[in-house]
Amino acid sequence: MRRAWRLPALFLLIGAFAATGSALGGDTAMTAVFPVLFVLLAVIHSPLVFPAPVPAAEAARRSAVDGRPVVYWRPGCTYCLRLRLRLGRDASRLHWVDIWRDPAGAAAVRAATGGDETVPTVVVADRPHVNPDPAWVRGRLPPRT
């Protein structure tokens, strides 16, 4: 769990140092800009942007019942963030498994990718797809009821 927050914490720390350096240098504009910029980067790369993760076994069970894809992801992954942002509100219709929180999820990704933890890995109808196009994933969602 702590590993998921390392990158956001690093962004906050860098922002604080940058703002302090700007303040000491007398640049008040950058002193105001740096904290905002780095807080935004921290939030974007944090687990807060993603829907609540579920364990891999629960995601597989739910997917079997409702037919929705399972997305294996990890915080800080640029491709996972791209998928999440491009899906928009439809992201909540998928089952998200954080491989850093769930060892079974990480094992499922390694099994699907030949030993690597390449994410996002999207499982649709028990078939894994590594880093698929967000439009393709949206097309695999069952119709809204």
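In what follows, every heavy atom counts, from backbone to side chain, and hydrogens, waters and symmetry copies are set aside.
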Student: Ignoring hydrogens and geometry, is there a side-chain-to-backbone donor-acceptor pair from R84 to G88 under 3.5 Å?
Tutor: yes
Student: Is it true that V97 and V130 fall in one hydrophobic cluster, defined by side-chain heavy atoms closer than 4.5 Å?
Tutor: no
Student: Starting from the C-alpha separation in whole Å, work towards a yes-or-no answer on side-chain contact (heavy atoms from CB on, under 4.5 Å) for V137 and L83.
Tutor: CA-CA 9 Å; V137 174; L83 177 65; 4.1 Å; yes
Student: Considering non-hydrogen atoms only, spot the tightest contact between F34 and S22 and give its length.
Tutor: CE1-OG, 3.1 Å
Student: Between W96 and Y79, is there a shared hydrophobic cluster once you connect ILVMFWY residues whose side-chain heavy atoms come closer than 4.5 Å?
Tutor: no
Student: Look up atom CG in D102 and atom CD in E58, then write down how far apart they are to the nearest 0.5 Å.
Tutor: 11.0 Å
Student: Run the salt-bridge test on D133 and R82 with the 4.0 Å N-O cut-off and return the result as yes or no.
Tutor: yes
Student: Return the orientation label for the F38 and F11 ring planes: parallel under 30°, perpendicular over 60°, tilted otherwise.
Tutor: tilted
Student: State yes or no: do L12 and I14 share one hydrophobic cluster built from I, L, V, M, F, W and Y residues joined by side-chain heavy-atom distances below 4.5 Å, directly or via other members?
Tutor: no
Student: Can you give me the closest heavy-atom contact between P69 and V122, atom names plus distance?
Tutor: CB-CG1, 3.8 Å
Student: What about L41 and L85, same hydrophobic cluster or not, with Ile/Leu/Val/Met/Phe/Trp/Tyr joined at side-chain heavy-atom distances under 4.5 Å?
Tutor: no
Student: Do R138 side-chain atoms and A91 backbone N/O form a donor-acceptor pair below 3.5 Å?
Tutor: no
Student: Spell out, as yes or no, whether a donor-acceptor pair under 3.5 Å connects the side chain of S63 to the backbone of A59.
Tutor: no
Student: Can you give me the closest heavy-atom contact between C80 and W73, atom names plus distance?
Tutor: SG-CB, 3.6 Å
Student: Kindly indicate, with the supporting measurements, whether the criterion side-chain contact (heavy atoms from CB on, under 4.5 Å) is fulfilled by N131 and T118.
Tutor: CA-CA 8 Å; N131 196 16; T118 307; 5.8 Å; no
Student: Test side-chain contact (heavy atoms from CB on, under 4.5 Å) on R93 and L141; report intermediate values, then the result.
Tutor: CA-CA 8 Å; R93 297 177 58 208; L141 288 171; 3.8 Å; yes
Student: Show the numbers, then the answer: is there a salt bridge (Lys or Arg N to Asp or Glu O under 4.0 Å) between D90 and R144?
Tutor: CA-CA 10 Å; D90 286 333; R144 289 184 189 266; 2.7 Å; yes
Student: Closest approach of H129 and R127, non-hydrogen atoms and distance?
Tutor: CD2-O, 3.1 Å
Student: So which atom in D98 and which in R74 form the shortest heavy-atom distance, rounded to 0.1 Å?
Tutor: OD1-CA, 4.0 Å
Student: Does R110 pair with E117 as a salt bridge, N-O distance under 4.0 Å?
Tutor: yes
Student: Let's go through L24 and T20 carefully: what are the C-alpha distance in whole Å and the side-chain angles of both, what is the deciding distance for side-chain contact (heavy atoms from CB on, under 4.5 Å) to 0.1 Å, and is it a yes or a no?
Tutor: CA-CA 6 Å; L24 292 175; T20 302; 4.1 Å; yes
Student: Is W100 close to P75 at the side-chain level, that is, under 4.5 Å between some pair of heavy atoms?
Tutor: yes
Student: Out of curiosity, does L37 fall in the hydrophobic cluster containing V39 (side-chain heavy atoms, cut-off under 4.5 Å, transitive links)?
Tutor: no
Student: I need the minimum non-hydrogen distance between G67 and P142, along with the two atoms involved.
Tutor: O-CD, 4.1 Å
